[in-house]
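Note sheet for the following structure.
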Amino acid sequence: MCGIVGYIGQNDTKEVLLNGLEKLEYRGYDSAGIAMLNDNGLNLFKVKGRIAALRGYVNNTIYATMGIGHTRWATHGVPSEENAHPHQSASGRFTLVHNGVIENYQDLKKEHLSDTAFVSETDTEVIVHLIDKLYGKYENTAEAFRQVISLLKGSYAIAMIDSEDQDNLYVAKNKSPLLVGLGEGFNVVASDAMATLKVTDQYLEIYDQEIVIVNRSFVEVQRLDGTVVDRKPYTAKIDASDIEKGTYPHFMLKEIDEQPFVTRKIIKEYQNENNELKLDNDIREAMKAADRIYIIACGTSYHAGLVGKEFIEKLANIAAEVHVASEFSYNMPLLSEKPLFVFISQSGETADSRSVLVKIKEMGYPALTITNVPGSTLSREADYTLNLYAGPEIAVASTKAYTAQIAVLVILAVDTAQAKGLKLDFDPMQELAIVANAMEILTDQKEAMEELVTNYLQAARNAFFIGRSADYHVCMEGALKLKEISYIQAEGFAGGELKHGTIALIEEGTPVIALATQADVNYAIRGNVQEVIARGANAMIISMKGMEQDTDAFVLPHVHELLTPLVSVVPLQLLAYYAALHRGCDIDKPRNLAKSVTVE
Ligand code: M6R
């Protein structure tokens with residue numbers, strides 16, 4: 001994880017770096033730092049904590065025309081000023097920021113740096129000391145940089161300053177995201193275009209194992225062997241207002257509210273003027289050719305995959321499996337003869353998913369990525385991409401990306417069904433439009449959700465979410481939302497499974513939230529609720545119009561039974577939001593987490 005930004009130009013570097021880091025804070029926020037070079041030398045500022053603290057600490061009188069910055073999510077070493085980036089070489093000449101994990105840093109340390117004094121516990125410090133060392137041999141910064149980069153194993157996005165050179169930033173990338181932004185008389189480097197949208201919308205993609213020399217007036221991309229790469233820039237199509245909170249107190253609330261709009265956008269983007277689905281023909285053929293779909297994802301995206309499996313099996317009549325990427329990577333199941341891998345990832349940068357993608361590509365299998373970031377690593381490296389059209393999701397807790405993933409998975413399954421000539425007994429796009437309206441009704445009922453929090457979750461230490469069939473999958477997502485932002489220990493269970501062990505945890509007042517949106521298990525889940533009430537639980541049922549009972553705490557508007565996850569998740573997102581709000585938690589930046597998980 002971690003976010004990096006670099007600037008070389010004519011303007012005040014400080015503002016570009018600090019603004020950029022504020023936009024990258026979603027990538028990590030336990031410590032931060034910037035280094036700026038001017039005629040008086042290098043100015044280094046590091047703090048434990050957030051960018052706001054760094055802003056307060058940076059000396060405002062310093063003016064510089066080049067610099068690098070970093071916001072950290074700790075991997076090696078605790079969050080502290082010593083472990084915060086930028087890190088400096090022993091001589092003080094080289095200073096760098098790094099996002100990623102250097103897997104062979106211990107070996108490199110032993111082999112080349114046994115006589116060097118380290119000041120941090122990070123893997124990063126090895127890189128900068130090594131550059132110092134190899135500079136002694138080559139007396140050329142670019143060459144020393146290249147030689148060191150060639151020695152690194154693992155993931156990295158690196159930006160480095162040589163204090164004796166005010167004209168170049170040295171940049172390299174492998175597995176961790178990194179872009180170069182192009183301007184008139186200046187250039188920037190960032191983990192994400194969002195960081196530097198204020199200064200440019202022109203970007204150059206950097207591929208793995210490439211080195212970039214970034215000057216004020218030119219950018220040179222090279223492969224590790226020194227050959228120069230000719231690459232055309234692209235225009236980043238991100239609306240700057242999408243990355244602002246506007247009048248909302250938190251990005252999470254804004255993003256929950258955006259779900260009806262995103263669902264309607266998906267309907268529009270995936271239909272032509274005759275209201276026919278318009279998916280890339282290659283995707284259609286790949287789906288048709290597959291004898292089994294392997295869905296690979298993490299966290300919330302994995303939960304969306306569980307819902308998607310149902311669509312693919314029930315609508316497209318293709319067997320599907322859903323796997324947590326970090327497990328699949330090291331414990332691959334027996335594969336079918338003609339598998340198609342579907343990667344679901346909001347960011348398109350999740351290292352666990354990418355590790356699977358790399359492996360299955362080596363095995364020669366086709367891959368489709370469903371992502372919110374079309375130019376992302378998972379998108380670039382897969383054969384096909386489906387876009388979520390959700391707009392940037394900034395809050396660490398994923399909300400609109402989850403419902404967008406489910407909506408796109410429905411469309412994928414329906415398209416495949418149509419291509420296979422299978423008849424559906426409902427109009428899926430019409431039903432998705434009804435879903436968007438239902439979401440709007442729900443997002444308008446925030447007071448009711450806040451009241452449920454007061455009645456059920458106010459003083460809770462733990463909570464259980466129970467459901468059956470599709471509701472079970474949504475319960476897993478509801479529990480993840482609650483624990484992630486409110487720190488209430490929460491689990492999502494299949495209703496029938498409680499009595500096989502977990503019911504032992506139910507005590508007087510334990511909150512149990514049950515979903516009842518599936519007709520054929522309506523009575524079964526209500527029976528499970530009675531079982532926990534009999535043991536003292538403070539239980540509530542969220543049901544769907546048409547199967548509600550008087551005692552239900554909340555009734556959802558009716559939608560097609562297959563699409564209920566798109567709707568039933570909304571109250572659970574809002575419950576998590578208000579539970580966290582009442583506890584005074586940092587909703588958009590929960591502790592220990594980061595939005596984009598680019599380490600395995
Ligand atoms: O970007 P991705 O969808 O690949 O991210 C996967 C998970 O890290 C992510 O969904 C995570 O679980 C969310 N923060 C949960 O709200």
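Atoms within a ligand are numbered from 1 in the order they appear, just like the ligands themselves. Note that the coordinates shown come from a computational prediction; the quantities given were computed from them, not determined experimentally.
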Against heavy atoms of Ser301, which atoms of ligand 1 measure under 4.0 Å? 2 (P), 3 (O), 10 (O)
Restricting to heavy atoms, the pick from Gln346, His303, Glu484 nearest atom 13 (C) of ligand 1 would be Glu484
Among all protein heavy atoms, pick out the one at the shortest distance from atom 1 (O) of ligand 1; state its residue, atom name and that distance to 0.1 Å. Ser347 OG, 2.6 Å
Do other residues, nucleotides or ligands put more than 12 heavy atoms under 6.0 Å from Lys153 NZ? no
What is the distance from atom OG of Ser301 to atom OH of Tyr402, rounded to the nearest 0.5 Å? 10.5 Å
Taking a cutoff of less than 4.0 Å between a non-hydrogen atom of the residue and any ligand atom, is Lys481 in contact with ligand 1? yes
Among all protein heavy atoms in this structure, tell me which lies nearest to atom 4 (O) of ligand 1, with the distance rounded to 0.1 Å. Thr350 OG1, 2.4 Å
When you check the gap from the basic side-chain N to the acidic O, do Arg264 and Glu440 get nearer than 4.0 Å? yes
Atom OH of Tyr487: over 12 foreign heavy atoms under 6.0 Å: yes
Side chain to side chain contact (heavy atoms under 4.5 Å, CB included) with Ser155: which residues, sequence neighbours excluded? Val101, Lys175, Ser176
Atom 8 (O) of ligand 1: which protein heavy atom is closest, and how many Å away? Val597 CG2, 3.8 Å
Has Lys48 got more than 12 heavy atoms of other residues, nucleotides or ligands less than 6.0 Å from its NZ? no
Report the nearest protein non-hydrogen atom to atom 6 (C) of ligand 1: residue, atom name, distance rounded to 0.1 Å. Cys298 O, 3.4 Å
Show the atoms of ligand 1 that are less than 4.0 angstrom away from any heavy atom in Val396. 13 (C), 14 (N), 16 (O)
Please list the nearest protein heavy atom to atom 11 (C) of ligand 1 with its residue and the distance rounded to 0.1 Å. Thr300 N, 4.1 Å
Identify the two heavy atoms, one from Ile370 and one from Val342, that lie closest to each other, and give their separation to 0.1 Å. CD1-CG1, 3.8 Å
With nothing but distance in play, are any N or O atoms of Ser345 less than 3.5 Å from an N or O of ligand 1? yes
With a cut-off of 4.0 Å, which atoms of ligand 1 are near a heavy atom of Ala397? 16 (O)
Do the side-chain N and O atoms of Ser353 and Ser345 include a donor-acceptor pair separated by under 3.5 angstrom? no
